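Before any comments, here is the structure.
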Amino acid sequence: MAKTLIDELRWRGLLFDQTEGAEAHLAEEKVTAYIGFDPTSDSLHVGSLLPIMALVHLQRYGHTPIGLVGGATGMIGDPSGKSKERNLLDEATLRKNVAGIRSLLAKFLDFNASANPAKLVNNYDWFGPLSFISVLRDIGKHFPMSTMLNKESVKRRVSAGGISYTEFSYMILQAYDFLHLFREEGCTLQMGGSDQWGNITAGSELVRRAADGKVHGVVMPLVTNSSGEKFGKTVDGAVWLSAEKTSPYKFYQFWLNQSDDNALQYIKFFTLITEEEYQALKAKHLAEPHLREAQKYLAGDVTARVHGCEALARVEKSTAALFGGDITELSAQEIEEVFQEAPSGQLSQAEAQEAGLLDAMVTVGMTKSKGEARRLIQGGGVSVNGQKQDNPQVRLNELNAIDDRLFVLRKGSKKYFLLRLV
RNA sequence: GGAGGGAUGGCCGAGUGGUUAAAGGCGACGGGCUGUAAACCCGUUCUCUUUUGAGUACACAGGUUCAAAUCCUGUUCCCUCCA
């Protein structure tokens with residue numbers, strides 16, 4: 001028997017739960033399926049990579065993937081997993097966010113495939129013209145109050161201080177998405193994170209009642225790291241998928257720094273590795289963990305898919321220079337790119353003549369005071385352009401600036417600061 | 001309403017008149033080891049400073065004293081027991 005999408009998800013650990021009959025349905029025919037994306041920001045972060053990959057797998061198995069951006073639902077706010085009422089986004093912001101997500105999804109999915117081209121829809125398109133009266137008459141009728149009140153997300157919120165009518169109605173909107181796509185696109189499957197289970201079953205319930213149709217749901221586990229923390233957050237904030245918000249270098253580093261367990265898990269989640277290749281890689285990694293084959297594979301694969309091969313080559317060069325290599329091999333321009341998000345400061349050429357290293361450290365914000373800067377140097381925690389500094393008295397003009405205009409100050413092993421001379 | 005206990009640095013927690021900027025632990029930061037890891041080991045951790053030095057600090061406000069986190073008075077907050 002040929003491998004099915006469900007089999008694929010299963011070995012990857014991406015199958016959390018499915019409605020009855022979903023597996024048979026996917027095995028028997030090519031289906032149209034959708035996943036919703038929340039447009040609360042103009043970019044998606046790595047947490048959204050999982051549903052994106054689910055769409056990719058769908059398409060690879062010959063099914064037709066639909067990405068749904070929640071232009072309308074985003075204006076309401078999903079109460080699932082939230083403990084507080086959400087702030088509502090205004091229309092202009094949402095429009096911008098929807099456009100950003102659209103361009104991002106385009107990197108992963110084939111919109112020109114002859115048999116099963118991917119599609120993108122925005123539920124604002126069908127909710128916009130819908131009148132309140134017709135919602136109450138045609139949709140609301142199919143929602144028994146008892147069912148809605150029994151939803152886990154609602155119960156939790158009611159006991160934890162309340163939920164507004166607006167957010168309470170969210171599940172109706174989301175369920176209607178499914179009904180609409182079932183009618184217009186013949187869509188018979190919705191996927192999502194396991195936190196979407198309630199919304200998905202509400203949708204299939206509505207399709208059954210309102211259109212007498214049988215539709216299915218498949219949910220994936222929520223990604224956490226091995227200690228159960230939320231995935232995709234670093235000390236500097238979320239890791240985004242757009243180069244403007246998270247530089248390719250930092251993106252690459254995020255994946256490269258995953259622990260062994262997580263790296264192996266994430267390879268199954270976020271790359272298209274085959275099961276055979278995976279087993280081979282895993283065996284190799286376990287035999288020689290210090291080589292970190294798993295992390296390198298993961299970082300390389302995901303970075304290439306999100307930012308392109310060219311960007312990957314650049315960040316690999318920078319990584320090699322920064323860790324083990326010589327930072328002075330990089331041009332000032334390359335350094336600027338690597339340290340796009342690094343804190344920085346600037347001094348005029350004249351000021352730099354006068355300034356010492358201590359002043360420079362305070363200028364770029366590495367330390368709050370010269371006293372602290374002095375202690376850090378004495379503790380051996382400071383290097384400039386890759387050279388460890390042990391003399392707090394050193395003047396800047398005794399050190400060589402890269403291309404006469406840039407100093408890379410490093411605190412500890414990974415915190416970088418840029419000092420520009422202007 | 002009655003009786004008692006307490007408030008110390010990011011957190012926990014010692015300290016009851018004089019080398020106490022305040023033990024110890026946690027956290028954070030730096031170093032070593034290493035795989036840009038985990039574990040472990042070492043160092044730093046009130047503020048400013050040209051390492052000497054100065055200024056603030058033990059709930060808040062006053063007071064006693066040459067000298068107070070430590071004693072006294074008042075205020076605020078917290079806890080326990082009794083009603």
Side-chain angles (χ1 to χ4, degrees), chain A residues 224-229 231 233-237 239 246-267 281-303 312 314-327 329-330 334-335 338-343 351 353-398 408-417:
Chain A
T224 56
N225 63 25
S226 52
S227 24
E229 288 157 351
F231 171 72
K233 299 273 192 258
T234 68
V235 282
D236 308 318
V239 178
T246 298
S247 71
Y249 171 77
K250 197 172 153 197
F251 185 82
Y252 180 84
Q253 288 288 324
F254 167 76
W255 297 104
L256 197 61
N257 282 320
Q258 295 296 332
S259 71
D260 295 1
D261 289 349
N262 287 337
L264 288 169
Q265 181 66 61
Y266 294 163
I267 284 174
L281 181 64
K282 183 179 176 183
K284 192 169 180 204
H285 183 81
L286 292 179
E288 301 176 287
H290 59 282
L291 295 180
R292 299 197 304 145
E293 294 289 342
Q295 282 91 339
K296 283 175 190 163
Y297 182 91
L298 175 67
D301 191 281
V302 179
T303 305
L312 175 62
R314 281 203 309 274
V315 300
E316 280 178 338
K317 180 186 174 189
S318 304
T319 296
L322 250 50
F323 296 95
D326 184 353
I327 194 169
E329 284 167 14
L330 298 176
E334 282 169 321
I335 286 172
V338 170
F339 299 116
Q340 190 181 317
E341 296 103 344
E351 285 170 321
Q353 285 302 312
E354 300 298 314
L357 178 55
L358 295 176
D359 302 298
M361 288 167 69
V362 174
T363 301
V364 299
M366 185 192 290
T367 58
K368 279 185 291 184
S369 70
K370 290 210 248 180
E372 190 185 339
R374 174 184 305 280
R375 282 194 295 272
L376 199 61
I377 292 171
Q378 285 165 344
V382 178
S383 65
V384 175
N385 294 343
Q387 294 281 314
K388 184 163 279 194
Q389 301 300 316
D390 52 13
N391 175 15
Q393 311 298 343
V394 72
R395 321 290 317 166
L396 270 187
N397 56 22
E398 297 170 46
V408 178
L409 309 187
R410 195 184 75 192
K411 172 190 181 188
S413 50
K414 283 187 214 167
K415 289 186 193 111
Y416 289 89
F417 300 81

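What you see is a predicted model, and the numbers here were worked out from it, not measured in a lab. Here is the naming used below: chain letters follow the sequence lines, and residue numbers restart at 1 for every chain.
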### Message
Just by distance, no angles: are the side chains of A:D260 and A:Q295 close enough, under 3.5 Å, to form a donor-acceptor pair?
### Response
yes

Mate of [N] where both pairing distances stay under 3.5 Å, Watson-Crick or G-U:
| N | answer |
| --- | --- |
| B:U70 | none |
| B:U19 | none |
| B:U47 | B:A54 |
| B:C40 | B:G32 |
| B:A7 | B:U76 |

### Message
Minimum heavy-atom separation for A:M361 and A:V382, please, with both atom names.
### Response
CE-CG2, 3.6 Å

### Task
Taking all heavy atoms of A:Q389 and all of A:V394, pick out the closest pair and write down the distance.
OE1-CG1, 4.1 Å

### Query
Just by protein heavy atoms under 4.0 Å, how would nucleotides 29-38 of chain B read 5' to 3' in B, S and -?
SSSS--BBS-

### Query
When every nucleotide of nucleotides 47-53 of chain B is labelled 5' to 3' by its protein contacts under 4.0 Å (heavy atoms), B for base, S for sugar-phosphate only, - for none, what sequence of letters results?
-SBSB--

Between [M] and [N], how far apart are the [atom1] atoms? Round to whole Å, please.
| N | M | atom1 | result |
| --- | --- | --- | --- |
| B:A69 | B:G17 | P | 13 Å |
| B:U70 | B:U8 | P | 13 Å |
| B:C60 | B:A7 | P | 13 Å |
| B:C58 | B:G53 | P | 24 Å |
| B:A38 | B:C11 | C1' | 25 Å |
| B:G9 | B:G5 | C1' | 23 Å |
| B:G63 | B:A68 | C1' | 12 Å |
| B:A57 | B:G2 | P | 36 Å |

### Task
Not counting sequence neighbours, list each pair that qualifies as a side chain to side chain donor-acceptor pair (under 3.5 Å) and has a residue in residues 357-382 of chain A.
A:D359-A:K370

### Query
Between A:E293 (side chain) and A:P289 (backbone), is there a donor-acceptor pair under 3.5 Å?
no

### Task
Go through A:Y249 and A:L322 one step at a time and tell me if the side chain to side chain contact (heavy atoms under 4.5 Å, CB included) criterion holds.
CA-CA 11 Å; A:Y249 171 77; A:L322 250 50; 3.1 Å; yes

### Query
What do the steps show when you test A:V302 against A:F251 for side chain to side chain contact (heavy atoms under 4.5 Å, CB included), and what is the final call?
CA-CA 9 Å; A:V302 179; A:F251 185 82; 3.7 Å; yes

### Message
Pair A:N391, A:L357 - check side chain to side chain contact (heavy atoms under 4.5 Å, CB included), show working.
### Response
CA-CA 9 Å; A:N391 175 15; A:L357 178 55; over 6 Å; no

### Task
Decide yes or no on side chain to side chain contact (heavy atoms under 4.5 Å, CB included) for A:Q253 and A:F323, but give the supporting numbers first.
CA-CA 11 Å; A:Q253 288 288 324; A:F323 296 95; 3.7 Å; yes

